[in-house]
Each structure stands twice: as C-alpha cells, then as structure tokens.
Amino acid sequence: MNNILVTRSSMPSFEEYCEEIKELWDTHWLTNMGTKHKQLEANLKRYLDIDNIELFTNGHMAIELTLQAMNLQGEVITTPFTFASTTHAIVRNGLKPVFCDIDPVDFTIDTSKIENLITDRTCAILPVHVYGNICNIEEIDRIAKKYELKVIYDAAHAFGEKYKGKSAGSYGDASVFSFHATKVFNTIEGGATCYKDEQLGRHLYELKNFGIHGPEEVSAVGANAKMNEFCAAMGICNLRHIDEEIEKRRVVFERYVERLGNIEGLQLNAVQLEVKPNYAYFPVIFDEKVFGKSREEVFEALAKENIGARKYFYPLTNTFSAFHNKYDVTKTPVALHISKRVLTLPLYADLQPEDVDRICNIILQ
Ligand SMILES: *Cc1c(COP(=O)(O)O)cnc(C)c1O
C-alpha cells in the first residue's frame, strides 16, 4: 500500500515551469523585484480582484513586516489555535499577544469575547481564517472601529476564497496569505500582504528590502524578505491551474463528507453561508465518549497504515515551551478542548477516491 501524506504540493508540468524560467537565463535577473515578481503581482491582483498586494519570501515574514509597517505598540488580540507563525510574528515585533478563545463550530476568534480583553494598550486584532473558515468580519469591523484598532487577518488558509462576493484578501486593514508548498496555492515558499492604505504598501516594499528607501538612504530597520524570480515563476504557473486544483479538492472533500458526515461522535468542519470555499483542509473533531476512539488512537491507526494525518493545530501556541508558561491556557478552554481532539485528514487535488475510502474505512473500523 502506498504512503499517503497529509498533503502533496501542486506543481505545473516540468515543461511549463522550464518555459516560464527560460528568460532568466537571458536577463540573469534572479531576485529584487524582477519581471516574474511584477508579473505574479499583477496576475494575483486580477485573480483575487484586489487593488494592492505586496509579495514576500514567505507568509510569516509578510505577517511580521505588516505588523512592523503599522508601527504598532502594546497588545494584539489573537487566538492560540493557529500555526506558530501568527503568535511569533506578534512577539518578534515586541508586541504582547493577548489570547482570545475560539468559536467551537468554525474555530475562528470568538468575537463575543474580544471586548473583554481590550485595554488602553490594545492596538490591533490579528484573527485567523482557520481552515479557510472566514472570521466574523462584521463584528470584528465593528469592534475595531469602536476602539480604533488595526485589523490584520492571517488569511494563510483562505487563498481563493470569497466572502459575500469579495476576496478574502480584501478585508481588514491587511490580509496576509501564505504561498508555502503545503498551501492551496504555492510559490514553493512565499506569501503576500493585501492592504488598503498606499502608504502602508510603500512601507512594506521597503521593509522587505532592508528598509532601503533610496540609493543613499535607509530609513527603517527592515529585513530581507523579497520573493525571488524562481518562486514567482512557480506562482505564475500554479495560478494558471488554481481553479482546477480547487475543483479537484472539492471532489475529495465531498467524498469525505459522504463517508464521515453522519457518524456519531465526529464533528466535521462548518459549512459557512456566503463563503466560496477553497477546500484547504479536512479537520475532524473526535469525541471519544461518543465515537469510542480518541484522536490519538485514530492518529496511530492511520500512521500504522502509512497515512499521515496531522494534529493541526496542536499544541496551542499559548502552551509552547518557548514561552515558559507565560500564558494561562485555561483562559482559552474551547481552543484547548478542540486542539486535543482535532485531526486534519489528507487532502490534496490528486488524492484518489479509493484513497479517501481507505482512510475512512480505517477510521470507521
Ligand atoms: C502557513 C501558515 C503561516 C505561515 O506561512 P509560511 O508561508 O509558512 O511562512 C501563517 N499562519 C498560518 C495559519 C499558516 O497556516
């Protein structure tokens, strides 16, 4: 039996990629905002139907430098049910993460608990569209306006999604995508910030290039976070096929729903109204008392058959040893409950229906 990993990166044909990178051998221009970088930016603006985008070497640097570009100080309200990147970006900016609990159905920030966490030091909210589930945008907007807070969405899971007909990248002051190899759309490694304010865009452009403002002026302490030409070329190729990829994911997703949808003790991901989904992940919450088997037992049973499901997100970021018990995990009980019971099942465009059946059979047996 073949190994099944939790995901498998989408790639164009070898020939298509070679054709795309050919001119780099003429120009010898390999990075620093070359023609591929510009082309990918233009193509993404069109595909996402947004006005402004800035590319980065990865999603993490996009979040980190977006926070820096906003010149924030104090506390940022966020959730611990996310990838390390979200929390690290806050801490590495010298900001204090304040952890809000999550909604038990869609796993995004529980907006009814945000206002209690606001202090006079709160400067921003950094919510995550977990598994591509879109946060409660209206409520977050209302709170941000009322308290004059910036909103930066971690949209790493939401590429290609729409909410109320508008791109997931168009909400908040900024929305950040990841184009990592494991994401729905990849540039090998990569990321982008979609933003509203042109001034912020100029700042982002400089921050990803050491804060260089002009040939003889360095006006900010930036990083090196430019997307190179080979990654941009991969993005140009992958973007040509993205709609087919998402459609293939839909087929896999629906087969899982068919097999696991009506099983007592299994909670599947919420279907959200007014969201055009991208079928990025297939999380299942295992309620051991009802289902009879724990998340750990299912994980082990799949691993024994060389099937790589993932405990995603586990552990919560507010329990990382890096933070030396600085945060009180009992303040986010729903996130803790979910993180102990969730397993994301393998999901990628070329996963075969027989493989989905095999995975489901193991779970159900
Ligand atoms: C992947 C991911 C990131 C970071 O993106 P990279 O491109 O890997 O740096 C940030 N947040 C979330 C929720 C992610 O899944």
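Since the model is a prediction, treat every value here as computed from it, not as a measurement. For reference, positions follow the sequence shown, starting with 1. All ligand and atom numbering here is 1-based and tracks the order in the structure.
For atom 5 (O) of ligand 1, the closest non-hydrogen atom on the protein side is S178 OG, 3.2 Å. Atom 9 (O) of ligand 1 has as its closest protein heavy atom H60 N, 2.8 Å. The closest protein non-hydrogen atom to atom 15 (O) of ligand 1 is H157 NE2, 2.8 Å. Nearest protein heavy-atom contact of atom 11 (N) of ligand 1 is D154 OD2, 2.7 Å. In this structure, the protein non-hydrogen atom closest to atom 2 (C) of ligand 1 is K183 NZ, 2.8 Å.
Short contacts between ligand 1 and T82, defined as distances under 4.0 Å to a heavy atom of the residue, involve ligand atoms 13 (C).
Taking the six-membered ring for Trp and the full ring otherwise, the centers of F323 and H88 sit less than 6.0 Å from each other. Ring pair F83/F313: centre-to-centre distance not below 6.0 Å. For Y153 and Y171, the ring centers sit 6.0 Å or farther from each other.
Annotation: cation-pi pair K331/F99 absent, no NZ/CZ under 6.0 Å from the ring centroid and within 45° of its normal.
Not a single N or O atom of F313, backbone or side chain, sits closer than 3.5 Å to an N or O atom of ligand 1. Of the N or O atoms in Y312, one or more lie within a sub-3.5 Å distance of an N or O in ligand 1.
A salt bridge between E254 and R250 is present, with a side-chain N of the basic residue lying under 4.0 Å from a carboxylate O of the acidic one. Residues E64 and R92 are paired through a salt bridge, judged by an N-O separation under 4.0 Å between the basic side chain and the carboxylate.
At most 12 heavy atoms of other shown residues, nucleotides or ligands fall within 6.0 angstrom of atom NZ in K96.
For G190, the closest heavy-atom approach to ligand 1 falls below 4.0 Å.
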